[in-house]
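All remarks here apply to the structure that follows.
A, B, ... follow the sequence lines: proteins, then strands. Residue 1 opens every chain.
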Amino acid sequence: MATFKSELINTLSQRGYLHQCTDLDALDAKAASSVITGYVGYDATADSLHIGNLVSIMMLRRMQQTGHRPIALMGGGTTKIGDPSGRDEVRALADDATIVSRIASIQTTFDRFLKFGSGPTDAILSNNAQWLDKLEYIPFLRDVGKHFTINRMLTMDSVKLRLEREQPLTFLEFNYMILQGYDFVELFHRHGCTLQMGGSDQWGNIVQGVDLGRRMANSDLFGFTSPLITLSSGAKMGKSVSGAVWLSAHRLSPYDYYQFWRNTEDADVGRFMKLFTDLPLDEIARYEALQGAEINEGKKKLALEATALLHGIDNATAAAETARKTFEEGSAGDDLPTVTKSKAEIEAGYTITTANVEIGFAASKNEARRKIQEGSVKINDEKISDENYKLTEQDFRDGAVKISLGKKKFGIIKLK
RNA sequence: GGAGGGGUGGCCGAGCGGUCAAUGGCAGCAGACUGUAAAUCUGCCGGGUUCGCCCUACGAAGGUUCAAAUCCUUCCCCCUCCA
């Protein structure tokens with residue numbers, strides 16, 4: 001089974017993270033004989049990372065698990081430029097204050113996956129604003145710009161595709177790959193970082209960094225990318241009942257995160273366990289062998305383990321218990337979205353329509369009315385077909401009403 | 001600088017004076033079937049509503065008309081060809 005010399009590359013390869021590598025054999029040899037420092041960069045395009053970032057976060061985690069040193073690089077500087085990769089339109093650029101607050105919010109996610117500190121394999125959190133913000137234009141062009149040819153840059157997918165589609169590419173964005181390449185060299189000088197990882201869409205940017213390292217620092221740097229993770233049905237990964245799958249709890253609750261994994265397609269269970277949990281491969285193989293409805297046991301395990309990594313075992317267990325009560329017992333668990341109402345508010349007339357909106361099931365009252373007419377709204381498991389139905393004290397059992405939309409969305413209205 | 005074409009709902013894309021909150025497709029939501037799976041089929045898919053209607057919307061601002069996404073004027077932006 002072990003086809004590589006190093007534990008790092010064996011792990012990355014066996015668990016499904018390997019897509020492309022600039023020099024796999026050399027990297028493998030190096031990882032077998034020394035501690036490698038490697039990084040992944042994250043731009044602050046929102047105040048939370050999302051499921052699409054999780055593969056690379058797990059790669060950093062695998063590095064640490066196999067005795068190497070990961071760096072999470074926050075793109076405080078590059079976010080001001082905007083990565084054109086895979087986009088047809090210029091990004092809406094955030095102002096400095098927004099970027100700083102987003103980074104502060106994002107950083108907490110890494111504490112769950114990596115152990116930071118000053119030991120030889122302790123993770124490092126860095127921010128490229130530290131060096132990019134104070135670059136001087138002419139010196140930068142002379143030191144770094146001279147190593148990039150326009151000819152080469154025009155062949156990069158991020159540029160070429162935009163031009164082929166006749167979409168505008170600003171000079172600002174055109175510089176993104178140069179700055180990302182420069183990051184790599186900077187991290188090499190600061191921390192001896194010799195590896196950059198990322199998703200397959202980052203290949204071009206990463207390779208530019210590897211080349212720049214050879215030219216500027218005469219150093220051997222490595223690039224490693226993971227495949228784009230899609231569902232077996234072909235869809236892009238990243239939909240939960242309440243929209244995008246965010247990693248920050250303020251954007252997506254641990255319960256909803258658990259539910260996202262619980263609803264994994266059958267064919268993806270084993271693959272996702274390898275990528276997104278620490279379960280040993282032989283245990284994963286046992287779950288993969290399950291057939292038919294038994295696969296649900298694997299989904300529960302996947303959901304529990306993946307949620308525990310991000311939100312802690314206590315939150316994961318609570319989410320699992322809420323799911324069990326809600327779906328298997330038909331009662332209501334504690335982690336469901338909750339709205340609290342006073343007795344006076346109920347007496348003043350609180351309609352089922354408003355309740356659906358307040359609990360987040362519908363974006364507007366019209367949508368809530370439609371759902372009621374479609375017969376998908378229930379109160380305490382009783383279908384409600386009157387859109388003007390007002391909750392009464394009789395609806396409250398032990399001070400709470402269970403409200404549901406469809407088969408998967410549940411919420412609680414509590415009486416204060 | 002000159003000539004022509006175009007900007008429509010989350011996206012693509014019809015419409016070209018009234019019957020247009022605007023055909024289709026994608027995405028999304030719900031129902032049926034199931035295993036909280038996939039596939040399939042069905043319905044819904046701007047906001048508010050006392051369910052009569054009302055408001056907002058077809059790049060922006062004015063105008064013509066009983067009536068405009070559709071006609072006119074000005075402005076902004078994109079594309080193609082010529083120089």
Determine the interatomic distance between [atom1] on [N] and the same-named atom on [M]; round to the nearest Å.
| N | M | atom1 | value |
| --- | --- | --- | --- |
| A21(B) | C82(B) | P | 44 Å |
| A60(B) | G7(B) | C1' | 11 Å |
| G63(B) | G17(B) | P | 23 Å |
| U19(B) | C29(B) | P | 33 Å |
| A14(B) | G25(B) | P | 15 Å |
| C55(B) | C16(B) | C1' | 26 Å |
| G28(B) | G46(B) | C1' | 15 Å |

Rounded to the nearest Å, what distance is computed from the OH atom of residue Tyr389(A) to the P atom of nucleotide C51(B)?
->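 Those two atoms, OH and P, are 21 Å apart.
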Using a heavy-atom cut-off of 4.0 Å across all strands, would you classify [X] as base, sugar-phosphate, or nothing?
| X | answer |
| --- | --- |
| Gly406(A) | sugar-phosphate |
| Glu387(A) | base |
| Thr264(A) | sugar-phosphate |
| Ala362(A) | nothing |

Paired with [N] by Watson-Crick or G-U wobble geometry, both distances under 3.5 Å: which nucleotide is it?
| N | result |
| --- | --- |
| U80(B) | A3(B) |
| C44(B) | G28(B) |
| A68(B) | none |

Looking at the side chain of [X], which of [options] is the nearest nucleotide?
| X | options | result |
| --- | --- | --- |
| Lys408(A) | A37(B), G35(B), G43(B) | A37(B) |
| Lys299(A) | A38(B), G35(B), U36(B) | G35(B) |
| Lys409(A) | A30(B), U36(B), A37(B) | A30(B) |
| Arg369(A) | C51(B), U36(B), G35(B) | C51(B) |
| Lys365(A) | C45(B), G43(B), G48(B) | G48(B) |

Checking only heavy atoms, does the side chain of [X] share a donor-acceptor pair with the base of [N] at less than 3.5 Å?
| X | N | value |
| --- | --- | --- |
| Lys371(A) | C44(B) | no |
| Glu328(A) | U36(B) | no |
| Asn366(A) | G46(B) | no |
| Lys407(A) | U34(B) | yes |
| Glu374(A) | C45(B) | no |

Could you pick out which residue, Val357(A) or Asn296(A), lies toward the 5' side of RNA chain B when each is mapped onto its nearest nucleotide?
->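 Result of the comparison: Asn296(A).
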If you pin Asp266(A) and Ser376(A) to their nearest nucleotides in RNA chain B, which one's is more 5'?
->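 By nearest-heavy-atom nucleotide position, the 5'-most residue is Ser376(A).
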Hey, is the side chain of Arg370(A) poking within less than 4.0 Å of OP1 or OP2 on G47(B), counting only N and O atoms?
->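 Yes, within the criterion.
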G47(B) OP1/OP2 closer than 4.0 Å to side-chain N/O of Ser364(A) =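 Affirmative; the distance criterion is met.
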Heavy-atom side-chain contact between Met156(A) and Gln208(A) under 4.5 Å =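 Contact flag for Met156(A)/Gln208(A) side chains = yes.
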Just wondering, do Leu125(A) and Phe116(A) contact through their side chains at under 4.5 Å, heavy atoms?
->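 When only atoms from C-beta onward are counted, Leu125(A) and Phe116(A) do touch, with a gap below 4.5 Å.
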